[in-house]
Amino acid sequence: MNLHSRKGFLRLCAWLYPFTAAAVAINLFLLFLMLQALGVPAMPPLVAVIVAIPLGIPATWTAARWVRHLIDEAERRPGHRDDGA
C-alpha cells in the first residue's frame with residue numbers, strides 16, 4: 001500500500017478510525033469522571049461514544065499522518081539524509 005497516494009492514505013484512515021474513535025470515547029468518559037471533582041456531572045458512556053463519532057475524524061487524520069511518518073522513517077536508509085544537505 002502506497003501511503004503517499006491519496007487512496008492509500010484514506011485506506012489507512014479507514015482502518016484506524018474505529019480505534020481512534022474508541023480512544024476518543026474512552027478519554028472523554030474518563031475526563032468527565034475526573035471533572036466530577038469540580039462539580040461537573042459525569043458523561044454517560046453512550047453519550048461519550050456518540051460525541052466521539054465526529055471527534056474521531058480529526059484524531060484519525062492525525063494518527064494516520066503519524067503512522068505515515070513512522071513508516072517513512074523506517075524505510076529510510078541508515079546514514080542517508082533527506083534534508084538536502
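Everything quoted here is computed from the prediction, not taken from an experiment.
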To check you understand the geometry: which heavy-atom pair defines the closest contact between [X] and [Y], and what is its length?
X: Pro54; Y: Pro58; value: O-CD, 3.4 Å
X: Pro41; Y: Phe32; value: O-CD2, 3.6 Å
X: Ala52; Y: Ala21; value: CB-O, 3.5 Å
X: Thr20; Y: Gly56; value: OG1-O, 3.8 Å

Going only through I, L, V, M, F, W and Y residues with side-chain contacts under 4.5 Å, is there a path from [X] to [Y]?
X: Leu35; Y: Val47; result: yes
X: Val24; Y: Ile50; result: no
X: Ile57; Y: Leu10; result: no
X: Leu46; Y: Ile26; result: no

State the [atom1]-[atom2] distance between [X] and [Y], to the nearest 0.5 angstrom.
X: Thr60; Y: Arg65; atom1: OG1; atom2: CZ; answer: 14.0 Å
X: Met43; Y: Leu33; atom1: CE; atom2: CG; answer: 10.0 Å
X: Gln36; Y: Leu38; atom1: CD; atom2: CG; answer: 10.5 Å
X: Leu55; Y: Leu28; atom1: CG; atom2: CG; answer: 6.0 Å
X: Phe19; Y: Leu16; atom1: CZ; atom2: CG; answer: 8.0 Å

Exercise. Do Trp61 and Phe9 pass the side-chain contact (heavy atoms from CB on, under 4.5 Å) test, and can you show the C-alpha distance, the side-chain angles, and the key distance before you say yes or no?
Worked result: CA-CA 9 Å; Trp61 182 78; Phe9 185 75; 3.6 Å; yes
Exercise. Between the main-chain N or O of Ala59 and the side-chain N or O of Tyr17, is there a donor-acceptor pair closer than 3.5 Å?
Worked result: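 Absent.
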